[in-house]
A.B. asks: 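Questions regarding the structure given below will be posed in turn.
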Amino acid sequence: MKKKIAIIFGITGQDGSYLAELLLNKNYIVYGIKRRTSLIHTTRIDHIYKDIHLKTNLILKYGDVTDFSNVFNLINEIKPDEIYNLAAQSNVGVSFELPEYTAQTDSIGTLRILEAIRILDKKRKIKFYQASTSEIFGNSPEKPYNEKSKFEPVSPYGTAKLYSYWMTRNYRDAYSMFASNGILFNHESPRRGENFISRKTIIGIIKVIKGQQKCLYLGNLKSKRDWGHAKEFVYAQWKILQHKVPDDFVIATGKNYSVKDLINLVLKKLNIKYAWKKDKNNFEYAVALNNIGQIQKSQIIVKQEKRYFRPNEVHDLVGDNRKAKKVLKWKPKINFEQLISEMINSDLKKII
Ligand code: NAP
Ligand code: G4F
């Protein structure tokens, strides 16, 4: 049987690496699109990459979703069966500092791919997956969020992603394209970027124990997130494109925890005894109650700092995954505690 061909925009990211593994295991030929960077950073996919001169089902190509001619030429040359658009400036906090670049990548980047498909694929054979996000719900009042919930994004990132969500739907309706949105809630893994809260907390606290930094500085501890495992969430991405019709799906665990819950869990797993206190500005900090590693009793190990707060915040995200369970037969198995344990164990091996 002819092997399916997939393009992954954003293959060097967390999800791109797990999705590439999944598709290669399913015998796809995978074209991974990576950006030109001054230092090559393919660490997340090095274990599956073989020398291009050998026989391989993973081919890396340079590309950037801010360049229409590049996107067009790639799709024209590769003639894929499936396209996964995971490429994005994916950090919500950073989107307040880079709003225009975020829109170029996260909004117009998607439009460029959709337009290329519309022009090139007259027979409407290519299936398109858009990496949509729970950030599009913002602080919309009715929870848990499902596919029919109101969208009220509160960041340049969420707003840019909402444009892509609608464009994906519009191209599906206007041009009969197989174009689907996965509205994914937060998902983490040992491969998560180091400046997202889960990984930042784990790396930071391990470094404090090892004496490589004195304290971990964070922003808002009250916000809640519905955290799942990236490996399970990319499986949902693939399932969305295998469904018989294009559609939009919420992918979530259905349970959420606060940032403070996350920190408490990491401290507990690393055997640190501590107490939370407040300073005169009402900022919280955690003080060690035992000597452990390089930590001295009474040392401030975690502290809130103004610079890590965002100009606007999504307070409470939790998803209703019933449609995905029923229609796609997709169900998450890894719980929050297992996810965080796996990430801690991985970073304990990396930080020496
Ligand atoms: P990630 O680790 O930040 O990966 C993003 C990928 O996009 C990287 O490969 C990055 O390349 C690439 N990229 C950035 N700008 C690009 C551009 N202009 N042209 C081409 N590629 C570009 O993000 P992730 O966690 O894997 O998430 C994957 C997608 O799902 C993103 O679209 C994200 O917004 C969305 N999403 C993520 C979550 C989550 O919790 N992880 C939840 C909902 C939705 P570099 O490696 O060169 O930076
Ligand atoms: O880990 P975060 O940066 O993830 P956030 O903002 O929820 O966005 C992630 O999930 C979205 C899906 O809901 C994706 F679309 C998006 O691409 C990304 O993957 O922050 C989580 C929470 C926020 O409330 C933030 O304000 O942690 C809070 N936080 C507190 N201190 C911090 C920090 N976040 C970061 N990154 N760094 C801090 O120091």
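FYI, side chains are in, hydrogens and waters are out, and symmetry mates aren't considered; it's all heavy atoms of this structure. One-based numbering, in listed order, for ligands and for the atoms of each. Remember, it's a predicted structure, so these values are computed and weren't measured experimentally. Residue numbers start at 1 and run along the sequence shown.
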A.B. asks: Given I197, V94, I136, L317, which one has a non-hydrogen atom that is nearest to atom 21 (C) of ligand 2?
C.D. replies: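 Minimum heavy-atom distance to atom 21 (C) of ligand 2 goes to I197.
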A.B. asks: Identify, by atom number and element, the atoms of ligand 2 in contact range of E313, meaning under 4.0 Å from any of its heavy atoms.
C.D. replies: 23 (C), 24 (O), 25 (C), 26 (O)
A.B. asks: Give the residue and atom name of whichever protein heavy atom lies nearest to atom 9 (O) of ligand 1, and the separation in Å to one decimal.
C.D. replies: T12 OG1, 2.7 Å
A.B. asks: Is there at least one pair of N or O atoms, one from G219 and one from ligand 2, spaced under 3.5 Å apart?
C.D. replies: yes
A.B. asks: Could you tell me which atoms of ligand 2, counted from 1 in the order shown, lie closer than 4.0 angstrom to a heavy atom of V92?
C.D. replies: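 Going through ligand 2 atom by atom, the ones under 4.0 Å from V92 are 6 (O), 8 (O).
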A.B. asks: Against ligand 1, does K34 come closer than 4.0 Å with any heavy atom?
C.D. replies: no
A.B. asks: Establish, from distance only, whether the side-chain atoms of R191 and S17 form a donor-acceptor pair under 3.5 Å.
C.D. replies: yes
A.B. asks: Does a side chain donor of either T168 or Q130 reach within less than 3.5 Å of an acceptor in the other side chain?
C.D. replies: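 Side-chain D/A pair, T168 to Q130: absent.
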A.B. asks: Could you identify the single nearest non-hydrogen protein atom to atom 44 (C) of ligand 1 and state the distance to 0.1 Å?
C.D. replies: S132 O, 3.4 Å
A.B. asks: Tell me whether K231 forms a cation-pi arrangement with Y18, defined as NZ or CZ under 6.0 Å from the six-membered ring centre and within 45 degrees of its axis.
C.D. replies: no
A.B. asks: Give me the nearest non-hydrogen protein atom to atom 20 (O) of ligand 2 as residue plus atom name, then the distance to 0.1 Å.
C.D. replies: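 Protein heavy atom with the smallest distance to atom 20 (O) of ligand 2: R310 NH2, 3.4 Å.
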A.B. asks: Provide, to 0.1 Å, the distance between atom 6 (C) of ligand 1 and the closest protein heavy atom, together with that atom's residue and name.
C.D. replies: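 Its nearest protein heavy-atom neighbour is G10 CA, 3.7 Å.
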A.B. asks: Which ligand 1 atoms, with their elements, are less than 4.0 angstrom from a heavy-atom of N186?
C.D. replies: 40 (O)
A.B. asks: Where does S223 meet ligand 2, judged by heavy-atom distances below 4.0 Å: at the side chain, the backbone, both, or neither?
C.D. replies: side chain
A.B. asks: Any atoms of ligand 1 less than 4.0 Å from a non-hydrogen atom of G13? List them with their elements.
C.D. replies: 2 (O), 4 (O), 8 (C), 9 (O), 26 (O)
A.B. asks: So, K150 and E152, do they make that salt bridge, N to O below 4.0 Å?
C.D. replies: yes
A.B. asks: When you measure from atom 18 (C) of ligand 2 to each heavy atom in G93, G193, S90, S95, which option holds the nearest one?
C.D. replies: S90
A.B. asks: Should the pair K3 and Y28 be classed as cation-pi, given the thresholds of under 6.0 Å to the six-membered ring centre and 45° from the axis?
C.D. replies: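 No, cation not above the ring by the 6.0 Å, 45° rule.
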A.B. asks: So if I count the atoms of ligand 2 from 1 in the order they appear, which ones are less than 4.0 Å from some heavy atom of S134?
C.D. replies: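 In order of numbering, the contacting atoms are 12 (C), 13 (O).
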A.B. asks: Would a 4.5 Å heavy-atom cut-off, applied to side chains only, mark T12 and T37 as touching?
C.D. replies: no
A.B. asks: Within less than 4.0 angstrom of ligand 1, does H41 place any heavy atom?
C.D. replies: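 Flag set, H41 near ligand 1.
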A.B. asks: Geometry only, no angles: is S198 polar-contacting ligand 2 at N/O separations under 3.5 Å?
C.D. replies: no
A.B. asks: Considering only heavy atoms from C-beta outward, does the side chain of E232 approach that of T253 to under 4.5 Å?
C.D. replies: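 Not touching, per the 4.5 Å side-chain cut-off.
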A.B. asks: Salt-bridge test for E82 and K4: reply yes if a basic N is under 4.0 Å from a carboxylate O, no otherwise.
C.D. replies: yes
A.B. asks: Hey, is ligand 2 close enough to N91 that some N/O pair sits below 3.5 Å?
C.D. replies: no
A.B. asks: Just need the protein heavy atom nearest to atom 21 (N) of ligand 1, so name the residue and atom and give the distance.
C.D. replies: A87 CB, 3.4 Å
A.B. asks: For ligand 2 and W227, I'd like to know whether there is a polar contact (N/O to N/O, distance under 3.5 Å).
C.D. replies: no
A.B. asks: Is there side-chain contact between F128 and I117, with heavy atoms separated by less than 4.5 Å?
C.D. replies: yes
A.B. asks: Y145 vs F137 aromatic rings, parallel, tilted or perpendicular, using cut-offs 30° and 60°?
C.D. replies: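 Plane angle under 30°, so parallel.
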A.B. asks: Just need the protein heavy atom nearest to atom 29 (C) of ligand 1, so name the residue and atom and give the distance.
C.D. replies: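 Heavy-atom neighbour on the protein nearest atom 29 (C) of ligand 1: L86 O, 3.3 Å.
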A.B. asks: Out of N220, D316, N186, whose heavy atom sits nearest atom 4 (O) of ligand 2?
C.D. replies: N186
A.B. asks: Going by heavy atoms, is Y62 under 4.0 Å from ligand 1?
C.D. replies: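 The answer is no: ligand 1 sits nowhere under 4.0 Å from a heavy atom of Y62.
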A.B. asks: Could you verify whether a donor N or O on one side chain and an acceptor N or O on the other, from D64 and N70, lie under 3.5 Å apart?
C.D. replies: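 Short answer, no.
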A.B. asks: Please determine whether any non-hydrogen atom of R192 lies less than 4.0 Å from an atom of ligand 2.
C.D. replies: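 A heavy atom of R192 does come that close to ligand 2.
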A.B. asks: Relative to the heavy atoms of V259, which atoms of ligand 2 are at a distance of less than 4.0 Å?
C.D. replies: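 Selected atoms, number and element: 22 (C), 27 (O), 28 (C).
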A.B. asks: Numbering the atoms of ligand 2 from 1, which are under 4.0 Å from a heavy atom of Y308?
C.D. replies: 39 (O)
A.B. asks: Might you confirm whether atom NZ of K210 has over 12 heavy atoms from other residues, nucleotides or ligands at distances under 6.0 Å?
C.D. replies: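 Above 12, so yes.
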A.B. asks: Are F233 and ligand 1 in contact, using a heavy-atom cut-off of under 4.0 Å?
C.D. replies: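 For ligand 1, residue contact (heavy atoms, under 4.0 Å) with F233 is absent.
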A.B. asks: Does a side-chain N-to-carboxylate-O contact under 4.0 Å join R172 and D248?
C.D. replies: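 Yes, this pair counts.
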A.B. asks: Between E194 and K350, is there a salt bridge with N-O shorter than 4.0 Å?
C.D. replies: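 Between E194 and K350 there is no salt bridge, as every charged N stays at least 4.0 Å from the carboxylate O atoms.
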A.B. asks: Check this for me: does any side-chain nitrogen of one of D261 and K224 sit under 4.0 Å from a carboxylate oxygen of the other?
C.D. replies: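 No salt bridge links D261 with K224.
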A.B. asks: Which atoms form the tightest heavy-atom contact between S155 and E135, and what is the distance?
C.D. replies: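 That would be OG-OE1, 3.7 Å.
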A.B. asks: Which ligand 1 atoms does T133 reach within 4.0 Å, using its non-hydrogen atoms?
C.D. replies: 43 (C), 44 (C)
A.B. asks: May I ask you to identify the nearest protein heavy atom to atom 30 (O) of ligand 1, giving residue, atom name and distance to one decimal place in Å?
C.D. replies: A131 CB, 3.4 Å
A.B. asks: Is L184 close to ligand 2, meaning an N/O of one under 3.5 Å from an N/O of the other?
C.D. replies: no
A.B. asks: So, R112 and E115, do they make that salt bridge, N to O below 4.0 Å?
C.D. replies: no
A.B. asks: Do you see a donor-acceptor pair shorter than 3.5 Å between the side chains of T102 and S95?
C.D. replies: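 No - no donor-acceptor pair under 3.5 Å links their side chains.
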A.B. asks: Parallel, tilted or perpendicular, judged at 30° and 60°: which one describes the rings of F151 and W166?
C.D. replies: perpendicular
A.B. asks: Which ligand 2 atoms are under 4.0 Å away from a heavy-atom of N195?
C.D. replies: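 Heavy-atom distances to N195 below 4.0 Å select 35 (C), 36 (N).
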A.B. asks: Does the residue F309 have a heavy-atom contact with ligand 2, meaning some pair of atoms that are separated by less than 4.0 Å?
C.D. replies: no
A.B. asks: Under 4.0 Å from any heavy atom of T105, which atoms of ligand 1 are there?
C.D. replies: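 Near T105, the atoms of ligand 1 are 15 (N), 16 (C), 17 (C), 18 (N).
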A.B. asks: So for Y157, does at least one of its heavy atoms come nearer than 4.0 angstrom to any atom of ligand 1?
C.D. replies: yes
A.B. asks: Can you find a non-hydrogen atom of R192 under 4.0 Å from ligand 1?
C.D. replies: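 Right, R192 reaches ligand 1.
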A.B. asks: Considering only non-hydrogen protein atoms, determine which one is nearest to atom 43 (C) of ligand 1 and report residue, atom name and distance to 0.1 Å.
C.D. replies: L184 O, 3.1 Å
A.B. asks: What I want to find out is whether R225 reaches E313 closely enough, with some N-O distance under 4.0 Å, to be called a salt bridge.
C.D. replies: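 Salt bridge between R225 and E313, a charged N being under 4.0 Å from a carboxylate O: yes.
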A.B. asks: Closest by any non-hydrogen atom to atom 37 (N) of ligand 2: pick that one out of R307, R225, K200.
C.D. replies: K200
A.B. asks: Give me the residue, atom name and distance of the protein heavy atom closest to atom 5 (C) of ligand 1.
C.D. replies: A88 O, 3.7 Å
A.B. asks: As an exercise, identify every atom of ligand 2 less than 4.0 angstrom from a heavy atom of T133.
C.D. replies: 11 (C), 12 (C), 13 (O), 14 (C), 15 (F)
A.B. asks: Would you mind finding which of K161, Q89, H187 brings a heavy atom closest to atom 39 (C) of ligand 1?
C.D. replies: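 When every heavy atom of K161, Q89, H187 is considered, H187 comes closest to atom 39 (C) of ligand 1.
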A.B. asks: Using a heavy-atom cut-off of under 4.0 Å, does the side chain or the backbone of E135 touch ligand 1, or both, or neither?
C.D. replies: neither
